[in-house]
Amino acid sequence: MNSINTIFIDGTQSEQALEFATLVDQIQEIPEGTTENSLVHSIKSLIEAEKLDEVYTQFSGHVATLLKLDDNKVLPGFNLYLVQLKSAKGDLLPALVKSCIENLSQSESDNGYAKLAMLETLYNFTTHAELRFEVLAGIINIASKHNITKSILNLTAIKSEAFQAICIDSQRQLFVMLHKALKDSFKKEAYEYLLHYLYTFTEPCAEAQELAKQAIFEAVSIPEVFNFESLTQAHPVQKLSGQPIHELAMIFLNGDVASYKSFIKKHCDIASSFDQAAGLHKMRLLTVTSLGAEYIGSPISYSALAEAMLLEAEDINSEVELYIIDVIRAGLIEAKLNQLEGSIVITRSTHRSFDKSQWQKLHEEFTKWNNSLETVAKTVQSAIEQTSDSSKPSLPLVTAGN
């Protein structure tokens with residue numbers, strides 16, 4: 001969400017109120033001096049009666065009228081409205097903000113982008129955490145209603161410090177709303193918001209565990225998702241331990257094609273809840289990744305890869321190469337193919353999980369590297385000393401009696 005500067009107009013409170021009311025009447029083509037349906041007439045009466053709260057309430061019900069303006073005039077008009085909100089009493093502000101959001105959400109105008117721009121301006125205007133929640137919820141709802149969810153793919157507000165001030169229940173509600181809004185057109189981004197939701201839990205929650213199951217199904221089915229370690233570390237997912245659905249997640253974390261196929265055969269009911277073909281393809285890519293991590297820098301034959309992936313195609317070599325290309329494109333490995341010898345040398349591979357054994361292996365590698373450096377340093381130092389000794393001038397021998 002981009003920061004939008006709000007411009008406030010000079011003038012007394014009453015003058016500013018009448019200026020906004022005049023703008024609304026002009027948009028609705030109500031002649032000046034008319035009393036019927038005239039916002040100016042109504043506002044003048046309320047100002048004279050010093051009923052300013054009712055003035056602000058009426059204004060919040062007319063915000064959507066601004067959408068009839070040209071796009072470049074909508075926000076300046078909306079700034080006139082925000083002037084009124086700035087003058088409203090603190091205890092009235094929540095009701096005004098909610099009324100404004102509701103008025104925009106229910107508007108029949110198809111200018112969804114203008115509505116989002118107005119709510120983004122409102123978000124930057126208010127500093128109250130829970131009101132910002134209401135605005136964000138309004139943004140998500142409007143983006144969904146107008147089928148412009150691409151505009152909420154990366155809500156920077158979600159990553160801001162101000163978002164952390166919103167209560168945890170409201171944060172969770174926003175994550176679920178974002179997941180629901182994006183899951184049809186932007187599956188990977190929707191899944192990531194669902195993962196954010198799961199990570200807000202540190203205690204058991206039945207609702208979270210149900211959504212954890214959904215997250216597992218999505219992670220298996222979405223082609224771009226390969227990191228199952230972050231999924232299995234989420235508390236609600238861990239609370240599924242002992243259930244078949246958790247077993248499925250663990251297979252994708254550190255299992256192989258054989259274990260995946262065995263699971264599908266054993267749990268047909270669960271397998272019907274996700275894309276089995278997509279899961280098999282992903283499992284084969286992850287299997288190649290694991291082999292790469294195990295035999296980094298060493299040649300791996302096509303036949304060994306085919307056996308690990310349980311391939312049964314007539315042209316095994318071509319099938320293996322297609323999978324190698326896919327796993328390279330996914331960024332899981334870097335490798336060189338040798339088609340003549342029917343082998344591959346993997347020079348970099350992503351670890352599917354990084355547990356204590358990997359840390360131990362890394363420690364051992366660093367120890368070897370450190371020892372090698374010490375050996376090299378000693379060799380260099382010895383060479384320097386020998387060179388220094390050989391460069392010293394030889395002194396003539398002095399014998400007794402000379």
Side-chain angles (χ1 to χ4, degrees), residues 183-184 186-192 194-195 211-234 237 240-295 300-335 337 342-344 346 348-354:
K183 67 178 182 180
D184 290 335
F186 303 97
K187 298 183 185 300
K188 181 175 181 291
E189 290 79 4
Y191 165 77
E192 289 172 350
L194 184 54
L195 205 57
L211 286 175
K213 294 176 183 179
Q214 185 173 342
I216 293 172
F217 291 143
E218 291 184 16
V220 171
S221 302
I222 299 172
E224 299 87 355
V225 175
F226 292 99
N227 183 357
F228 283 81
E229 186 171 34
S230 59
L231 174 64
T232 54
Q233 287 178 347
V237 175
L240 297 173
S241 180
Q243 300 182 33
I245 185 67
H246 186 265
E247 180 186 348
L248 177 64
M250 297 307 294
I251 287 173
F252 276 86
L253 177 65
N254 50 34
D256 55 21
V257 178
S259 57
Y260 173 76
K261 285 193 168 185
S262 175
F263 179 90
I264 296 296
K265 186 177 180 179
K266 183 178 179 182
H267 301 286
C268 298
D269 54 335
I270 295 177
S272 64
S273 300
F274 61 88
D275 189 333
Q276 298 175 38
L280 178 58
H281 184 80
K282 180 179 295 187
M283 195 70 248
R284 284 173 170 159
L285 300 188
L286 292 172
T287 297
V288 175
T289 304
S290 294
L291 284 172
E294 186 176 356
Y295 299 104
I300 306 174
S301 67
Y302 283 5
S303 59
L305 290 171
E307 182 180 354
M309 289 189 287
L310 300 183
L311 293 177
E312 300 174 353
E314 292 183 6
D315 188 354
I316 287 293
N317 284 0
S318 296
E319 189 76 6
V320 168
E321 287 179 354
L322 288 175
Y323 274 102
I324 292 172
I325 291 170
D326 281 350
V327 77
I328 291 174
R329 283 177 177 170
L332 296 173
I333 66 169
E334 291 177 5
L337 281 71
S343 66
I344 176 177
I346 297 176
R348 182 194 65 80
S349 181
T350 303
H351 283 278
R352 291 164 64 183
S353 63
F354 212 85

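In this structure, M309 CE and R284 CZ are separated by 7.5 Å, a value rounded to the nearest 0.5 Å. For the atom pair N227 CG and L195 CG, the distance stands at 8.0 Å (nearest 0.5 Å). The distance from atom NZ of K266 to atom CD1 of I264, rounded to the nearest 0.5 Å, is 13.0 Å.
Taking 4.5 Å as the limit, every side-chain heavy atom of V225 sits out of range of all side-chain heavy atoms of L231. By the 4.5 Å heavy-atom criterion applied to side chains, L332 and F226 are counted as neighbours. F228 places none of its side-chain heavy atoms less than 4.5 Å from the side chain of V237.
Counting non-hydrogen atoms of other residues, nucleotides and ligands closer than 6.0 Å to CD of E224 gives a total above 12. Heavy-atom contacts from other residues, nucleotides or ligands closer than 6.0 Å to OH of Y295 number 12 or fewer.
Listed for the T232 side chain is a donor-acceptor partner under 3.5 Å among the backbone atoms of E229.
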When the side chains of residues 244-256 are checked against the rest of the protein, which donor-acceptor pairs come out under 3.5 Å, sequence neighbours left out?
residue, atom, partner, partner atom, Å
D256, OD1, A258, N, 3.3
D256, OD1, S259, N, 2.9
D256, OD1, S259, OG, 3.0

Between side-chain atoms of residues 285-293 and protein atoms elsewhere (two or more places apart, or another chain), which donor-acceptor pairs fall under 3.5 Å?
residue, atom, partner, partner atom, Å
T287, OG1, M283, O, 2.8
T289, OG1, L285, O, 2.9
S290, OG, L286, O, 3.2
S290, OG, R352, NH1, 2.9

Task: Working for side-chain contact (heavy atoms from CB on, under 4.5 Å), residues L337 and I328 - done: CA-CA 11 Å; L337 281 71; I328 291 174; 4.3 Å; yes
Open item on the list: Please determine whether side-chain contact (heavy atoms from CB on, under 4.5 Å) holds for the pair T350 and I333, giving the CA-CA distance in whole Å, both sets of side-chain angles, and the decisive distance to 0.1 Å.
Closed with: CA-CA 6 Å; T350 303; I333 66 169; over 6 Å; no
Task: Audit row: L280, K261, side-chain contact (heavy atoms from CB on, under 4.5 Å) steps and yes/no - done: CA-CA 8 Å; L280 178 58; K261 285 193 168 185; 4.0 Å; yes
TODO: Could you go through the side-chain contact (heavy atoms from CB on, under 4.5 Å) check for L211 and Q214 one step at a time?
DONE: CA-CA 5 Å; L211 286 175; Q214 185 173 342; 3.6 Å; yes
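For residues 270-282, the side chain to side chain donor-acceptor pair (under 3.5 Å) pairs, not counting sequence neighbours, are H281-D326.
Shown are E189, E218, K183; of these, the side chain to side chain contact (heavy atoms under 4.5 Å, CB included) with L194 is made only by E218.
Nearest heavy atoms, A215 versus Y191: O-CE1, 3.4 Å. In terms of heavy atoms, L311 sits closest to E319 at CD1-CG, 3.8 Å.
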